[in-house]
Every structure is written in structure tokens, then in C-alpha cells.
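Everything below concerns the one structure shown next.
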Amino acid sequence: MANSQKAPEHILVVDDDPRIRQMLARYFEDEGYRVSLAGDGREMRDSLETQAIDIILLDLVLPGEDGLALARDIRARSDIPIIMLTGRNDVVDRIVGLEIGADDYIAKPFHLREVLARLRSALRRRQPPAASVRNETQSEIYSFEGWHLDVGRRQLLSDEGKEILLTTGEFDMLCVLVKHAGRVLQRERLMDLTRGRNLEAFDRTIDAQIARLRRKIELDPSNPALIKSVRGVGYVFSARISRQDA
């Protein structure tokens, strides 16, 4: 009888401190994960080119290219989840990381169980189970202004069939906006509807995600026609939506 056991998910830890790399490796391996280690951007790219990686824990301060530059490079080519680790608890750094496309942000010193919880949450969002509380929406396709949002396949397609790369957070945010089209949603409400991302609920977190979505789906991101701001309140998705079952 064939062994149908699922292969362990593969974590890439990118940190220039060998003590932190080894500590995380031992902890995650004890939890049943496969772990690869990198001390800088070159080693990170080598791992990504030669191995199937499911999630990256990426330090912000690295020799050579820093974590923000590496995250920007990763996100330009892949939607692999990125959790940023840093010893700098600077809100500006956090916002920049989120704007680039990081899925989460953890300041050092951290508790290993917290890192594990956030990692598991990011992996669940990337690979939603076949049976879930959203089963009733798994076959829905929403169309608007030449875009087609396939909820079941977690894809955003143009009229020409070209797929637009969205991170897990961006996709979840777009789903919420589309499904509540025409309704003004406060930032706190948007955070509630996309909860599970384990991010602090401050306004700029939502603003960063909205800005990234606008750059991907708006004809003129500086003058958005789809995701409009409501001053002092939040955002509203203003496009006309048509829905069909796949």
C-alpha cells in the first residue's frame, strides 16, 4: 500500500545570526517541519532555486542586501509567505515591509511559540483546506471592470486570462472588498473580516494592503476608481459586480 502521508512543510530561515538560525531550526524540526538555513541573500536565493520552500522567515538586517530588498525581490516573482524578523521595533520598518508584501512581522526578542503560531496561520492561509467554513463560496467567480476573481482557485485573472500575482493577504482583502461592494467598510471592520493574519490592528496596516492592491488592479492607482477612500472612515469597493458559479 502506498504511503499517502503528507511531506513536512519546508521552512527557510534567513538570518545572519547562527545562534538564531540553529535555535529556530531545532524548534521547528521538533514540531515536524523541514528546515533550511541561509545567512544572507545569496544563500537564500540558492535555496529558493534548488528546493521547494513553503514559507520564509526573513531577518530585516542582513549583510549585503537587507531583508526589505530581498522581500521585494521575492514578492516580484512569488506569493510564497514571508514573515519578517527584526530587532528593530520601528513602525516605519513594519509599514514598509507590509507595503512590499510581507505577510507578517515579528520583533526580536520573540517567543518561539508565537513564531510557530504565526507561521502556522500563514501556511493555513496559503493552502486553505478543501472543506472549510467557506465551502458555500468555493465555486464563486466575481467579475468587475475586466477582472475575474475566482474564489475557489484563489486566482485573479484579466479578460485575456492573464493571472495577476496576489499575496495571501491581498487576495483575502480583495475578496472581502468585492463581497461587500458598495458598502463603506471601516478599517477595523476590514481587519475583523480578514482576521487570522496576526497583525496589529493599526490603520496603516490596512492602508498598506489597499495601496498594494490598487497598484495591481487600478488603471491609475493615484486616482482609484475601484477601491475608493472614504475620508475618516475607511474604504468602499465601487465597481459593478457580476457573480457566477464555476
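Just so it is clear, the values below take in all heavy atoms, side chains as well, and ignore hydrogens, waters and symmetry mates.
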Roughly how far apart are Glu163 CD and Arg153 CZ, rounded to 0.5 Å?
-> 11.0 Å
Value rounded to 0.5 Å, distance of CG in Leu177 from CD1 in Ile227 | 5.0 Å
Contact check, side chains of Phe28 and Leu119, non-hydrogen atoms, under 4.5 Å = yes
Path from Ile74 to Leu165 over hydrophobic side-chain contacts below 4.5 Å = no
Hydrophobic cluster identity match, Phe237 and Val184, side-chain contacts under 4.5 Å = no
Flag the pair Val178 / Ile241 as yes when at least one side-chain heavy-atom distance between them is below 4.5 Å, and no otherwise.
-> yes
If you measure from the Lys or Arg side-chain nitrogens to the Asp or Glu carboxylate oxygens, is any gap between Arg75 and Glu170 under 4.0 Å?
-> no
Electrostatic pair Asp103-Arg118, nearest N-O below 4.0 angstrom | no
N-O pairing of Asp207 and Arg187 below 4.0 Å | yes
Side chain proximity check, Ser229 to Tyr235, heavy atoms < 4.5 angstrom = yes
Return yes if a side-chain donor-acceptor contact under 3.5 Å exists between Gln209 and Arg214, otherwise no.
-> no
Any donor-acceptor N or O pair under 3.5 Å, side chains Glu29, Tyr27 | no
Kindly compute the distance separating CG (Leu226) from CD1 (Ile217), expressed to the nearest 0.5 Å.
-> 5.0 Å
Using a strict 4.0 Å threshold on nitrogen-to-oxygen distance, state whether Arg154 and Asp150 make a salt bridge.
-> no
Does the side chain of Ser36 pick up a donor-acceptor pair with the side chain of Arg21 at under 3.5 Å?
-> no
Rounded to the nearest 0.5 angstrom, the CD1-CZ distance for Ile55 and Arg120 is 12.0 Å
Measure the spacing between CG of Leu70 and CG of Leu68 and express it to the nearest 0.5 Å.
-> 9.0 Å
